[in-house]
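In what follows, a structure is listed as structure tokens, so that the remarks can point back to it.
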Amino acid sequence: MNIRSRNFWHIVLISFRDSAPESVRQEIYDRYQALDTDCGGKEAGILFWRVGWNLDQRKKVHLIEIAVFRDDAALQHFRVHPKHQEITDILRAVADWKVGDLNIVA
């Protein structure tokens, strides 16, 4: 990751509803592991990608996504990518989420 540029950090906190089966939770987790590659990877401006189970369950946040995009255009391209839309459609039925985007100049 080039730390001497302006990057867009994208953080998503996902909370599964109590009714979400474990198998669906696991499917979503598994899909998230390759979503950066599925959406074009570094060539598409996705500079960093991590999705994992939250270690602190006190606020019922189950999954955390942390991504760094080259610029706003790369982030917007990711948002409309069909693979991202696909996982969003699955999530909509079983979870709620909060998104935070930061423009960090390093």
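Each residue takes its place number in the sequence, starting with 1. Remember, it's a predicted structure, so these values are computed and weren't measured experimentally.
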Let me know which of F78, F8, W9, W49 forms a ring pair (Phe, Tyr, Trp, His ring centres under 6.0 Å) with F69.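 It is F78, the one option of F78, F8, W9, W49 that forms the ring pair (Phe, Tyr, Trp, His ring centres under 6.0 Å) with F69.
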Check R79 with D101, please: is the shortest side-chain N to carboxylate O separation under 4.0 Å?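 Here D101 pairs with R79 in a salt bridge, since their nearest N and O are under 4.0 Å apart.
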Salt-bridge criterion met for R25 and D30 (N-O under 4.0 Å):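 Looking at D30 together with R25, the answer is no, because their closest N to O distance does not fall below 4.0 Å.
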For the side chain of [X] and the backbone of [Y], is there at least one donor-acceptor N/O pair under 3.5 Å apart?
X: Q33; Y: V51; value: yes
X: Q57; Y: V61; value: yes
X: R50; Y: I66; value: no
X: K42; Y: L47; value: yes

If we only count heavy atoms from C-beta on, is the [X] to [Y] side-chain gap below 4.5 Å?
X: W97; Y: L13; result: no
X: R31; Y: I90; result: yes
X: C39; Y: I46; result: yes
X: L35; Y: H84; result: yes
X: F48; Y: N7; result: no

Compute whether any side-chain donor of one residue and acceptor of the other, for H62 and N54, lie under 3.5 angstrom apart.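 Judged by distance alone, the side chains do not pair up.
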With distance as the sole criterion, is a donor-acceptor pair present between the side chains of D89 and Q85 under 3.5 Å?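 No pair is found: no donor N or O on one side chain lies under 3.5 Å from an acceptor on the other.
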Closest non-hydrogen atom pair, G52 against Y29: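 Closest heavy-atom pair between G52 and Y29: CA-CE1, 4.0 Å.
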Do you know the tightest heavy-atom contact between A44 and A74?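 Distance-wise, the nearest heavy atoms are O-CB, 3.4 Å.
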Roughly how far apart are [X] [atom1] and [Y] [atom2], rounded to 0.5 Å?
X: R17; Y: D96; atom1: CZ; atom2: CG; result: 4.5 Å
X: R92; Y: T88; atom1: CZ; atom2: OG1; result: 6.5 Å
X: I11; Y: L102; atom1: CD1; atom2: CG; result: 5.0 Å
X: K98; Y: S15; atom1: NZ; atom2: OG; result: 8.5 Å

Run the side chain to side chain contact (heavy atoms under 4.5 Å, CB included) test on F16 and V24 for me, step by step, so that the C-alpha distance in whole Å, both residues' side-chain angles and the decisive distance to 0.1 Å come before the verdict. CA-CA 10 Å; F16 289 108; V24 173; 5.6 Å; no
Counting only heavy atoms not in H77, do more than 12 sit closer than 6.0 Å to its NE2 atom?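 No.
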Report, as yes or no, whether the 6.0 Å neighbourhood of atom CD on E43 holds more than 12 heavy atoms from other residues, nucleotides or ligands.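 Counting neighbours around CD of E43, 12 or fewer heavy atoms of other residues, nucleotides or ligands fall under 6.0 Å, so no.
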Identify whether V80 and I87 are in the same connected component of the hydrophobic contact network (ILVMFWY, side-chain heavy atoms under 4.5 Å).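 Different clusters.
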Test side chain to side chain contact (heavy atoms under 4.5 Å, CB included) applied to I14 and I64, step by step: CA-CA 6 Å; I14 299 169; I64 300 173; over 6 Å; no
